[in-house]
Amino acid sequence: MKPRAVERGRLDFHSMRKPLSNHLLKAAALLLMLGLVFALFAIGAYFSVFGPQSGYNLAKRDSAWSNFGSYVGGVLGPLFSFLAFGGVLLTVWLQAKQLDILHTQANHEEIQRVISNISSNIDTLLAQAPNQHIDHHRLRDAPITIFTVISAAGTAALSSPTDYVVQASHETLIAVSKAAIATEATAIGLELEQLAWCLQQYQEQNGSATVVEFYKRRYNPIVCWLDAIGRLDTHHRVQAYFEPKAFRKFLEP
C-alpha cells in the first residue's frame, strides 16, 4: 500500500493544474473588456464628431451608414484581430505550460514509484530474522528481526553509561549484532544510498516537500543507529543527505 505522503504529492500536482484554466478565463475576460472599451471609445469618438452635425439623429442616407461601417471596420477590425491573436498566443502558452506541468508530474510519479519500491525493499530487509542467533538479555523480550537488532545495538552505541559492567554489556551487544547482521546491513546501506539519491533528485525537481519529509522521518532512526554502530562509514551520500549525527540528539537515551 502506498504511503499517504505519496498521494499528497499527487494532489499537489492536481491543484497546480487548476490555476491554468483560471488564468485562461481571466485572460479571456480581460481581452473581452479591452475590446469593449476600445469599441466604446471608437464609437464614442465617432459620435462626438459627427453627432452634433446631425443633431444626434440617426442618418437616413445609405452613404452615411456606409461611412460609419467603414470607420468601425477599419478601426476596430485590426484591433479585434490583434486581441484575437493575443488570445491565441496566450492559449498556446498556457497549453505549453500545462504540458510542462504534466511532464514534471509524470517524472515525479515515476520517482515516487522508485522510492516506494526502495522503501519496500528496506522494510523487507528490516523485517527479516538475522542469520545468526543472538543471545543477549536486551533481545530476549521481543521477536528478533534485523530492525530490533539494529535499534538495540544503535541505542547501546548512542548511550554513555558510567557503569563499567553496563558499558561492557553494550559493547558485547554491538559486537555480536554487527557480526550477525553484516550481510543484511550492507544490503540496507546500499538501498539507503539509492533512496538518498532518489529523494535528492526528487527534491531538486521541486517535488512535494511532504513526500521528502515523510521518508526522512521514516528512515532517520535506522540511518542514525546504523551510523552509530559504524555500518555507514563508507556511505557518504547517506551521511550527507540524512545527516545522522545531527539526528542523534533525538535518539540518545
Tell me, do Leu99 and His103 make a side-chain contact under 4.5 Å, heavy atoms counted? no
With rounding to the nearest 0.5 angstrom, report the NE2 to CD distance, His108 to Gln112. 8.0 Å
Check whether any side-chain heavy atom of Phe242 sits under 4.5 Å from a side-chain heavy atom of Cys224, and report yes or no. no
Between Ile181 and Pro130, what is the shortest heavy-atom contact and its length? CG2-CB, 4.1 Å
Would you confirm whether Arg237, through its side chain, and Gln194, through its main-chain N or O, come within 3.5 Å as a donor-acceptor pair? no
Separation between CG (Asp100) and CD (Gln95), nearest 0.5 Å, reads 12.0 Å
Evaluate the side-chain proximity of Trp225 to Phe147: yes if any heavy-atom separation is below 4.5 Å, no if none is. yes
Is there a donor-acceptor contact under 3.5 Å from the side chain of Thr124 to the main chain of Ser120? yes
Heavy-atom check, side chain of Arg231 versus side chain of Thr186, under 4.5 Å: yes
Just verifying a value: how many Å separate Ile222 CD1 and Leu232 CG, rounded to the nearest 0.5 Å? 10.5 Å
Basic-acidic side-chain contact under 4.0 Å: Lys216, Glu213: no
Here the gap from Ile188 atom CD1 to Leu195 atom CG, rounded to the nearest 0.5 Å, amounts to 12.5 Å
Tell me, do Gln200 and Gln203 make a side-chain contact under 4.5 Å, heavy atoms counted? no
Non-hydrogen atoms of Ala228 and Leu158 that approach each other most closely: CB-CD2, 3.7 Å
Begin with the C-alpha distance, continue with both residues' side-chain angles, and end with the deciding distance and a verdict on side chain to side chain contact (heavy atoms under 4.5 Å, CB included) for Val223 and His235. CA-CA 10 Å; Val223 173; His235 296 283; over 6 Å; no
Are Phe250 and Phe214 linked, directly or through other ILVMFWY residues, by side chains that come within less than 4.5 angstrom of each other? yes
Could you walk me through whether Glu191 and Tyr219 pass the side chain to side chain donor-acceptor pair (under 3.5 Å) test, one step at a time? CA-CA 11 Å; Glu191 292 290 346; Tyr219 292 109; over 6 Å; no
Taking C-beta and beyond as the side chain, do Thr104 and Asn107 meet within less than 4.5 Å on heavy atoms? no
Work out which heavy atom in Gly189 is nearest to a heavy atom in Val238; give both atom names and the distance. O-CG2, 4.3 Å
Any donor-acceptor pair under 3.5 Å from Gln128 side chain to Ile146 backbone: no
Which heavy atom of Leu173 sits nearest a heavy atom of Ala156, and at what distance? CD2-CB, 4.1 Å
Ala152 backbone acceptor or donor facing Thr155 side chain under 3.5 Å: no
Using the side chain to side chain contact (heavy atoms under 4.5 Å, CB included) rule, take Ile144 and Val149 through it: C-alpha gap first, then chi angles, then the decisive distance, then the call. CA-CA 7 Å; Ile144 299 180; Val149 173; 3.7 Å; yes
ILVMFWY cluster, Leu190 and Leu192 together (side-chain gap under 4.5 Å): no
Looking only at non-hydrogen atoms, find the nearest pair between Arg218 and Ser119 and report the distance. NH1-OG, 3.4 Å
Cluster check Val114, Tyr241: I/L/V/M/F/W/Y, side chain < 4.5 angstrom: yes
Distance (rounded to the nearest 0.5 Å) between Glu193 CD and Ile118 CD1: 11.0 Å
Do Arg113 and Glu109 have side-chain heavy atoms sitting under 4.5 Å apart? no
Rounded to the nearest 0.5 angstrom, the CD1-CD1 distance for Ile229 and Ile150 is 6.0 Å
Shared ILVMFWY cluster between Leu199 and Trp197, side chains joined below 4.5 angstrom? no
Note: Ser151 and Thr148 closest approach over all heavy atoms is OG-O, 2.9 Å
